[in-house]
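Just the heavy atoms: all of them, side chains too, but no hydrogens, waters or symmetry mates, feed the values below.
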Amino acid sequence: MHITDYKKYADKTPDQLEMDDLRKLVLYFELLSHVKMPIASLVIPVFKAKQSLIAHIFSLVHLRTIIPYEVIFVDNNADVETLDILRKLGANVVKEERQGITHARQKGLETAKGQVICTMDPDSIYDPYYIDKMVLPFFKDPDLVMCYSISKSYGRDFQLTRKMQIRNWLKVNYFSWKLSQGFMNRIKYVRAVAMAIRREAILPIGYNTDLKVVSGCDDGILAIYLNNLGKFKYVPVTIYTALPPPREPGKPFPFCNERFLIKDEGINTTIAELELEKAP
């Protein structure tokens with residue numbers, strides 16, 4: 001399927017699917033539950049993912065591989081709608097109450113059984129041969145610790161306007177140029193949306209759950225640590241991910257460590273008290 005074909009699944013719930021589609025998704029997770037010794041673990045943190053989740057899961061259903069794998073959704077205080085979708089489809093969900101993407105990924109790492117951990121996002125659509133392309137290189141090169149790729153973007157409801165196509169072309173070419181500029185440039189463009197890591201390499205390190213940043217550095221920091229342990233490999237593979245939501249100045253992205261959430265209501269109260277009354 002092309003990315004635009006996923007529009008019919010945008011913002012859908014299991015109850016709104018055609019019966020054949022619903023059966024396909026339920027059967028998919030039923031079959032995955034019988035995989036006892038996965039080689040790859042797909043770890044997908046979820047927070048507020050209702051709009052894209054069904055489409056994302058269909059992209060998983062379309063994966064083509066002979067490699068046994070598992071899919072782990074990490075509930076990081078997700079909303080009711082997101083959890084309801086996963087529950088009705090019978091997906092494998094583990095809970096992580098500590099708010100933050102790094103906490104969620106660490107929980108997925110601790111739960112995973114596979115030799116290779118693939119970190120993925122619930123607003124992304126993946127190439128049918130994603131697992132083969134990202135996982136098989138680890139068995140060809142014992143010194144390899146990470147595979148990574150570049151994602152393209154899609155617009156609202158999985159549409160690709162002419163402007164978005166041009167943006168994607170510029171992004172891929174710009175990132176490809178940056179990735180050729182040496183390690184210090186490369187690590188800035190490693191993204192968890194398309195990252196596969198050898199489990200035995202990452203386990204002793206784990207994710208830094210105390211990053212003093214708003215978001216977006218956990219994958220780069222991890223890449224720095226892994227660089228001292230082995231080789232990296234860029235893998236050209238097709239991935240589409242949603243454009244990030246707009247963010248109010250001075251406020252964090254919604255999926256960040258809890259240290260950045262405003263807890264002191266006294267500040268807001270003081271500001272309100274200092275506001276001048278409107279003139280009649």
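Between Thr13 and Ile54, every side-chain heavy-atom pair lies at or beyond the 4.5 Å cut-off. With a 4.5 Å cut-off on side-chain heavy atoms, Leu53 and Tyr9 do not count as touching. Contact check for Ile72 versus Val93: no side-chain heavy atoms found under the 4.5 Å cut-off. Counting heavy atoms from C-beta on, the side chains of Ile239 and Asp127 never come closer than 4.5 Å. Between Leu32 and Asn92 there is no side-chain heavy-atom pair separated by less than 4.5 Å. Looking at heavy atoms from C-beta onward, Met164 lies in side-chain contact with Ser153 at the 4.5 angstrom threshold. The shortest side-chain heavy-atom distance between Val43 and Cys118 does not fall under the 4.5 Å cut-off. By the 4.5 Å heavy-atom criterion applied to side chains, Phe232 and Val145 are counted as neighbours.
The local environment of CD1 in Ile66 is sparse, with at most 12 non-hydrogen atoms from other residues, nucleotides or ligands closer than 6.0 Å. For Lys95, the NZ atom sits in a packed shell: over 12 heavy atoms of surrounding residues, nucleotides or ligands are nearer than 6.0 Å. Residue Lys133 places its NZ atom among more than 12 non-hydrogen atoms of other residues, nucleotides or ligands, all under 6.0 Å distant. Counting heavy atoms of neighbouring residues, nucleotides and ligands inside a 6.0 Å radius, atom NZ of Lys7 does not exceed 12 of them. In the displayed structure, Tyr225 atom OH is contacted under 6.0 Å by at most 12 heavy atoms of other residues, nucleotides or ligands.
For Asp157 (side chain) and Gln159 (main-chain N/O), no donor-acceptor pair under 3.5 Å exists by modelled atom type. For Thr82 (side chain) and Ala78 (main-chain N/O), no donor-acceptor pair under 3.5 Å exists by modelled atom type. Of the possible polar contacts, one joining the Glu96 side chain to the Arg98 backbone as a donor-acceptor pair under 3.5 Å is found. In terms of modelled atom types and a separation under 3.5 Å, the side chain of Lys12 and the main chain of Lys8 share a donor-acceptor contact. Remark: the backbone N or O of Pro122 is paired with a side-chain donor or acceptor of Ser52 at under 3.5 angstrom. In this structure, the side chain of Asn173 engages the main chain of Trp169 through a donor-acceptor pair within 3.5 Å. Remark: the backbone N or O of Leu144 is paired with a side-chain donor or acceptor of Arg198 at under 3.5 angstrom. The closest donor-acceptor contact from the side chain of Gln106 to the backbone of Tyr207 lies under 3.5 Å. A donor-acceptor pair under 3.5 Å is absent between the side-chain atoms of Ser41 and the main chain of Glu70, judged by distance alone. Looking at Arg167, its side chain never comes within 3.5 Å of a backbone N or O of Arg162 through a donor-acceptor pair.
A continuous path of Ile, Leu, Val, Met, Phe, Trp and Tyr side chains, each step under 4.5 Å between heavy atoms, connects Leu60 with Val26, placing both in one hydrophobic cluster. Cluster annotation: Val237 and Tyr126 are assigned to the same hydrophobic cluster (Ile/Leu/Val/Met/Phe/Trp/Tyr, side-chain heavy-atom contacts under 4.5 Å, transitive). Follow the hydrophobic side-chain contacts under 4.5 Å out from Leu203 and you reach Val94 in the same cluster. Met134 and Ile67 fall within a single hydrophobic cluster, where Ile, Leu, Val, Met, Phe, Trp and Tyr are joined by side-chain heavy atoms under 4.5 Å apart, directly or via other members. Hydrophobic clustering, with ILVMFWY side chains joined whenever heavy atoms are under 4.5 angstrom apart, groups Leu63 together with Val61.
Atom CD1 of Ile57 sits about 5.0 Å away from atom CG of Leu89, to the nearest 0.5 Å. To the nearest 0.5 Å, atom OH of residue Tyr129 and atom CG of residue Asp132 are 8.5 Å apart. Atom NZ of Lys50 is separated from atom CG of Leu86 by 13.0 Å, given to the nearest 0.5 angstrom. We find the CG-OG distance between Asp123 and Ser151 to be 9.0 Å, quoted to the nearest 0.5 Å. To the nearest 0.5 angstrom, Lys163 atom NZ is 12.5 Å from Asn168 atom CG. Within the model, atoms CG of Asp5 and OG of Ser59 stand 12.5 Å from one another, a figure rounded to the nearest 0.5 Å.
Side-chain contact of Asn77 with Gln99: a donor-acceptor pair under 3.5 Å is present, judged by distance alone. Neither side chain, Asp11 nor Gln16, offers a donor N or O lying under 3.5 Å from an acceptor on the other. Judged by distance alone, the side chains of Arg105 and Thr119 never bring a donor and an acceptor atom under 3.5 Å apart. A donor-acceptor contact closer than 3.5 angstrom links the side chains of Ser124 and Thr241.
Summarising the geometry of Ile197 relative to Leu222, their closest heavy-atom pair is CD1-CD2, 3.6 Å, with the distance given to 0.1 Å. For Ala196 against Val116, the heavy-atom pair with the smallest separation is CB-CG1, 3.9 Å. Ile85 and Pro14 make their closest contact through CG1-CD, 3.7 Å (heavy atoms, listed as atom of the first residue, atom of the second, distance). Here the closest non-hydrogen pair linking Asn76 and Phe47 is O-CD1, 3.4 Å. Tyr130 and Val193 make their closest contact through OH-O, 4.0 Å (heavy atoms, listed as atom of the first residue, atom of the second, distance). The shortest heavy-atom contact between Met120 and Pro45 is O-CD, 3.5 Å.
Note: His56 and Phe73 have perpendicular aromatic rings, judged against thresholds of 30 and 60 degrees for the angle between ring planes.
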Give the intermediate values and the outcome of side chain to side chain contact (heavy atoms under 4.5 Å, CB included) for residues Phe158 and Thr4.
CA-CA 5 Å; Phe158 302 93; Thr4 55; 6.0 Å; no

Criterion side chain to side chain contact (heavy atoms under 4.5 Å, CB included) on Leu160 and His2, from CA distance to verdict:
CA-CA 10 Å; Leu160 281 181; His2 190 268; 3.7 Å; yes

In sequence, state the C-alpha distance, the side-chain angles, and the governing distance for Tyr154 and Tyr240, and then conclude on ring-ring contact (aromatic ring centres under 6.0 Å, His included).
CA-CA 6 Å; Tyr154 63 81; Tyr240 283 93; 7.3 Å; no

Assess whether salt bridge (Lys or Arg N to Asp or Glu O under 4.0 Å) is satisfied between Lys231 and Asp141, documenting all intermediate values.
CA-CA 9 Å; Lys231 299 178 183 177; Asp141 187 348; 3.4 Å; yes

Show the numbers, then the answer: is there a side chain to side chain contact (heavy atoms under 4.5 Å, CB included) between Val71 and Ile44?
CA-CA 8 Å; Val71 176; Ile44 308 157; 3.8 Å; yes

Starting from the C-alpha separation in whole Å, work towards a yes-or-no answer on side chain to side chain contact (heavy atoms under 4.5 Å, CB included) for Asn208 and Thr102.
CA-CA 7 Å; Asn208 188 340; Thr102 51; 5.7 Å; no

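Classification of Lys88 and Asp84 as a salt-bridged pair holds, one side-chain N sitting under 4.0 Å from a carboxylate O.
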